[in-house]
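The structure under discussion appears below in the form of structure tokens.
We count ligands from 1, going down the list as the structure has it; atoms in each ligand are counted the same way.
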Amino acid sequence: MKTILTTLNAKYIHTSLALRWLYVANRERFDISFKEYTIKEDIRKIADELLLTGSDIIGISVYIWNVNQLKELVIQLKEKRPEMIIILGGPEVMYEPEYFLHNWPVDYIIGGEGEFVLGELLNAIENNLSVDISGVSSRKQISRMIVQADLNKLAELPSPYTLEEDRESMKNRLLYFETSRGCPYQCQYCLSSLEKGVRYFPEEFIFNNLRHVIEYGVKQIKFLDRTFNLNKDHTYKVFDFLIRNYRLGLSCQFEVYADLLKDETIDYLNQHLPENYFRFEIGIQSTYEPTNIAVKRKQDFPLIAANVKKIMDGGKIDLHLDLIAGLPFETLERFIKSFNDVFRLGAKEVQLGFLKMLRGTNLRKNAVMYGYRYTEEAPYEIEYNADISAEELDRIHEAEHALEKFWNSGRFKQTMDRLTGTYYKDRYFELFDEVGQYYKNRQYPHRGYQLEDLFRYLHEFLISKGIDLFHTLRADYYGNFTRRPQGFWEDTLDKKLRKQLLYRIGQDKTFLLKHNINRKIIEKQTAIDKLSENLYLLTIFIEDNRLELKYTIDGI
Ligand code: SF4
């Protein structure tokens, strides 16, 4: 029998490591292949393409980001070929198999890490044996077992990182890599809290494969380990390996628990890490102790803050700090404090997420206790709870849009630094809240805008607040370009005059000589802006640098 494995990735650059593991674990014994798509693709087309493969069995990996589209896919597949056997696996389905077996036209659900269980199931189907396999549910029989694969056995299989099929596309995609599975923590909103123990892949396997993907020219590796730095020795060895095997253009992302970072690890990284190589994602979620106790999240915020500061002082690692809105007991007022506590640490990115009540999590089971209401369809985002109203969450949503556009994008660096360092010092949430509300009240779009529009909106917002940061904002605007841009949102010079001015300046040999530039650079690579009556600002774009010079000119 022919089997095809599939999933829908969130973006084209993503690759599904799960499909590759299932494939390498079973390709010797079964006629099996895999094909992945993205959530943006047309479901009818995907269904037709999968049916054209002539497969008898289809295995589908289901996640929160693709569950709605996959339901549609499954319905279409069964309609068009009712005899096709459909197996589901993945985090979204593993804790509530009954729900999917009763609401989706599927045959089997695998709970947990399916690499070896899939083989048992395929064998039973192909040989018409009764399916009584631990970890496999059907309409006849539900298995509560969440399977864990033996990582030493997985490491003996052909590597999922070195597949011939991926050779070409590997360089352009984000590569997911895992050195361990499982998490020892108990965060009640997270599916990983339900897994037992942490298991590591053998070192030899990790280093051989990392060496391979680095040599193959992968640009970005995202480590899937739930808490990468759990084990000090393991962390050190992998970091050290990556540093010794550094290749220009490669970057690595890790999820780390900041209070577990040791001084010697931070010192080592600050000393040896090449620039733009590592990015740490640090989940802080809330700084309110009653909230952290309610969701069983153990953390020491002062220690996190101290470690984040040490990392920031080293200037080598990009930090991305996560917060979650809508956790138990966190009112709007208390959330604002969490936001300000985290924002104050000064990370390049602050990701503000909204609590999702994932299937299987304890928080979802205890939803009534905290007065939660959440959407029935994925992503099960909360609408309100006993401590925060829908209107308040809506406000936080608008602030989050503003945070993404004006802080996390990095396109307004100098302006944002001025605002958060002076006008809105210690009132960081207020800044994004006010920008978000301003944006919302004017019905500016959240999609389909140009960079120029964002500058115009922020400029208008600042004027409305009586804040004059025009020159800083303009410098930020130019900072987004390596070549002279065409226009400018508040350009006061007309084209003809600009040309005349640049021509005149290009004739000033003393000036050119003094700044080691030539006439061509002035005429072709320079933006000119009027500062006062006869005074102009020249912004000169030379390769990756920008030079700002003032110039006085009379008689034009
Ligand atoms: S949120 Fe992170 S630390 Fe907490 S259980 Fe999930 S993976 Fe583990």
Side-chain angles (χ1 to χ4, degrees), residues 17-18 63-65 90-92 94-96 111-113 146 148-149 151 176-201 222-232 234-235 238 253-262 265 279-301 303-305 307-308 319-330 335 338 342 347 349-367 370 372 374 378-382:
L17 181 57
Y63 296 84
I64 192 167
W65 65 80
E92 179 65 14
M94 63 201 243
Y95 293 104
E96 293 188 5
E113 298 166 13
I146 300 297
Q148 292 191 331
L151 302 195
Y176 288 110
F177 198 98
E178 53 183 353
T179 69
S180 67
R181 286 186 184 177
C183 181
Y185 296 104
Q186 299 290 308
C187 313
Q188 299 290 285
Y189 47 80
C190 174
L191 284 173
S192 298
S193 67
L194 305 171
E195 295 171 32
K196 291 199 173 59
V198 182
R199 295 157 293 138
Y200 288 88
F201 282 90
K222 175 153 174 64
F223 287 84
L224 289 174
D225 307 66
R226 307 307 300 140
T227 301
F228 189 84
N229 60 323
L230 204 58
N231 176 308
K232 194 178 134 206
H234 174 80
T235 307
V238 178
Q253 298 175 26
F254 307 86
E255 289 190 23
V256 303
Y257 223 76
D259 32 1
L260 290 184
L261 283 169
K262 301 286 174 225
T265 310
R279 168 184 148 118
F280 285 175
E281 292 185 10
I282 297 173
I284 300 177
Q285 325 307 13
S286 169
T287 62
Y288 190 41
E289 209 38 29
T291 294
N292 286 327
I293 291 169
V295 297
K296 298 194 179 166
R297 191 175 167 86
K298 280 192 191 144
Q299 65 181 18
D300 177 345
F301 184 66
L303 185 55
I304 293 177
N307 283 346
V308 164
L319 289 185
H320 167 120
L321 306 181
D322 287 337
L323 272 164
I324 299 180
L327 290 170
F329 303 141
E330 201 162 59
F335 169 79
S338 285
V342 170
E349 283 177 54
V350 175
Q351 164 121 33
L352 172 45
F354 293 81
L355 182 66
K356 296 178 178 57
M357 303 293 262
L358 306 183
R359 283 185 187 282
T361 55
N362 288 328
L363 199 55
R364 183 168 166 133
K365 286 178 194 150
N366 294 326
Y370 300 109
Y372 273 113
Y374 54 91
Y380 320 115
E381 189 173 302
I382 72 148

- Are S180 and H234 linked by a side-chain donor-acceptor pair shorter than 3.5 Å? no

- Query: Between E349, Q351, Q253, which is the residue that forms a side chain to side chain contact (heavy atoms under 4.5 Å, CB included) with E281?
  - Reply: Q253

- May I ask you to decide whether R226 forms a salt bridge with E178, counting only side-chain N to carboxylate O separations under 4.0 Å? no

- Is the backbone N or O of C187 less than 3.5 Å from a side-chain atom of R297, with the two atoms forming a donor-acceptor pair by type? no

- Is there a donor-acceptor contact under 3.5 Å linking the side chains of S286 and E330? yes

- Item | Audit row: N229, F254, side chain to side chain contact (heavy atoms under 4.5 Å, CB included) steps and yes/no | CA-CA 9 Å; N229 60 323; F254 307 86; over 6 Å; no

- Task: Check each protein residue for a heavy atom under 4.0 Å from ligand 1 and list those that pass, ordered by chain and number.
- Result: C183, Y185, C187, C190, S192, S193, R226, T227, Y257, R297

